[in-house]
2 protein chains.
Amino acid sequence: MPPPPTPHASSPGHDGVSVTGSGSSGDAHGTTAVVGMVGGGQLARMTQRAAIDLGIRLEVLALGADEPAVLAGAVSHIGGPDDLAALRGLAEAVEVVTLDHELVNAGHLAALVAAGHRVHPGPDALRFAQDKLHARTRLAALGFPVPAFRSVANAADVTAFAAVHAWPVVLKARTGGYDGRGVEVVGDADAAASVLARGGGWLVEALVPIATEVSVVTARRPGGAHVTYPVVETVQDQGICVELVMPARVPPAVASRATDLAEAIAEAIGAVGILAVELFVTAPGEVVVNEVATRPHNSGHATIEGSVTSQFTNHLRAVLDWPLGDTAMRAPVAATVNLLGGSVPTDLADRLPRALVDGRVHVHLYGKEPRPGRKIGHVTVLGDDAEHALAAARRAADLLVSPEEAPT
Amino acid sequence: MPPPPTPHASSPGHDGVSVTGSGSSGDAHGTTAVVGMVGGGQLARMTQRAAIDLGIRLEVLALGADEPAVLAGAVSHIGGPDDLAALRGLAEAVEVVTLDHELVNAGHLAALVAAGHRVHPGPDALRFAQDKLHARTRLAALGFPVPAFRSVANAADVTAFAAVHAWPVVLKARTGGYDGRGVEVVGDADAAASVLARGGGWLVEALVPIATEVSVVTARRPGGAHVTYPVVETVQDQGICVELVMPARVPPAVASRATDLAEAIAEAIGAVGILAVELFVTAPGEVVVNEVATRPHNSGHATIEGSVTSQFTNHLRAVLDWPLGDTAMRAPVAATVNLLGGSVPTDLADRLPRALVDGRVHVHLYGKEPRPGRKIGHVTVLGDDAEHALAAARRAADLLVSPEEAPT
């Protein structure tokens, strides 16, 4: 592979934030809208793909030129999500600001709203996704089913909770956790003390007997109009979502209950754009709300090929207050397997052609360095039944990242 | 809509050609391959969309920063297709060079090949698509069915041809014609003289009694492995393709014959990448070869949503000599209607939300100024039957470009 060409220069943009990218220099003949996204990760990258179709110019606030969305050609403002000047620069360049991730200063977003910018999700909905204690407390107050929980300050609080709900219990960091980080199952007071010693705010939850984990992805416009995708079954490994099956293999009553809950939460918190609700289905078939994300979500990746309209297209349409696209499936089943960086270096350029030998496989690579445990892409296969589609997707994923499948 | 941000600066690239674009400044962590495309039009734009999925960095040689592929974020080398230094600069930056259009100097491409660069299609296959007389002559020599034809220098040659084949006849410019330009049906010697007076080389053809026009899109790897899409029915208006239906509504024997011809032509001319063959189906059901294009083609646009693998993805896979993707359909029928700029200005930003009210509609906009007759996008709808899918696609197209449907 040849080396990348000479880096290009960037010019001063708004508020001193550099603005680069091909789209920024053209005229706006065919541009239907300009959307800003805070963050330049894989969700922004896949949103860029959707933006191209609809003539939307996507501008992202990214940490650097090597972020996935910037590599995919989104117009880039370089800056951090806690930099108010950078956020202002993005907001002034676009019609509506949305988010690639939740690690954005909610106070800064409120300042953008106060300055008259459209921001979706807004600061209130964002706080829901940022602070697990806030989300649990509000969901419980609104009458949604959640695991028993309480805020804890020390191991004694955890022990008191376990006296009622039994060990083991689950400790969750209020903020900043993802992909299993900030979630710990602890069996006694010593283990709890050890986790709490890391600092930060924590809550404790009863350990729910999970039969299946599912996710519901819904897209909601400012006025409340919404569309919802079929319930997705998610398979977690050490807290990281590793596989999806759409539709979930759960009874219709469970799917219907999960869908109703997700749509009610979107309405209750005034979400605009994609809202993803992760839920536990318990052994007796009860549905309990786990987490809420107010942006395109890993559990919605199967919608790219599996649905008439992808979650990324519908996210753009929702935040622009445009009519939403059909969420019907294009095949009986869509199976997605995430690609996680392995313990050994992975040369994707060498491996990709081998994974493509199965012509049904859809590979999505995010342009990220394959560090261990990091999501660097996903594979989707459509089919008539979950077992065969999953088997094909797993096989392709192994060919791409498994150490055992390294080319010789 | 806010104004576009300040244009960014560009830095000197290879051979003094400026290179800009977000992808050019990142590192190559997740980059699986680097493909160069001569031309930055809508075919390159839709190839950029496909490149994002597979971690491919697409670099285009474009005339300016407002070309469709550059607006979509492809890394851009600014220069013309007849500029050898610019072509060399592109070739040196990438692993393989391919084409967005045929208006490229074949001698320059031969120079790139001589210098050791991979170029697909190669100069020989390109000449086939560039020069209609060369194509007709070689196809006839290879035994493929083509309309009766001859090269003409003056009106007397046309009259002599018409004495055998009857007026009216078809005059075709050897080179440079597209979307109906360079194709004239003439009824007498005076009309022929008037066309020939425009200058350039011309051939004359017998007017074939066309029942249906169809196109076959096939993707071929350097070693000959290939996949072919279902035959597409194309509807032309004044020489411009305005609608597609996949699969074509023709008898199985006709579809099979058309497919065989396209695959045989791809093999005969050593095409690599997408090859599209346009054919006439005559009233008695004979199949006659009309035109050959050695690149992704307008008649393949329905493959984006209609097929498991789009023509753009398979073009990239073919020129990189990677395994090709499944060409099976995802629905019984896919209907595509092209969006042509109308006689009045079209504000796509105003019109797009109205077209999206039908949630099944897939709109693709190319970022082009909507000049009269210019292809500025297309709409695809999948369905169970051609009539309903076409009706929905036509309705959305009218909402986007018809003067009668302008918002009030």
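Lettering of chains follows the sequences in order, A, B, ..., and the numbering in each one begins at 1. Keep in mind that this is a model prediction, so the values were computed, not measured.
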* CZ-CG distance between A/R317 and B/L352, expressed to the nearest 0.5 angstrom -> 8.0 Å
* Which distance, rounded to the nearest 0.5 Å, do you find between the NE2 of B/H364 and the CD1 of A/I52? -> 11.0 Å
Could you tell me which non-hydrogen atom of [X] sits nearest to which non-hydrogen atom of [Y], and how far apart they are?
X: B/P323; Y: A/P353; value: CG-O, 3.2 Å
X: B/T32; Y: A/L365; value: CG2-CD1, 3.4 Å
X: A/A349; Y: B/T31; value: CB-O, 4.4 Å

* Asked: Are the side chain of A/R49 and the backbone of B/D53 linked by a donor-acceptor contact shorter than 3.5 Å?
  -> no
* Look at A/Q48, A/E67, A/H362, A/M46 and state which one has the largest set of heavy-atom pairs under 4.5 Å with chain B. => A/H362
Could you look at [X] and say if it's the side chain, the backbone, both or neither that has a heavy atom under 4.5 Å from chain A?
X: B/R351; answer: neither
X: B/L356; answer: both
X: B/L382; answer: side chain
X: B/E305; answer: both

* Asked: So with a 6.0 Å cut-off around CZ of A/R360, is the heavy-atom count from everything else above 12?
  -> no
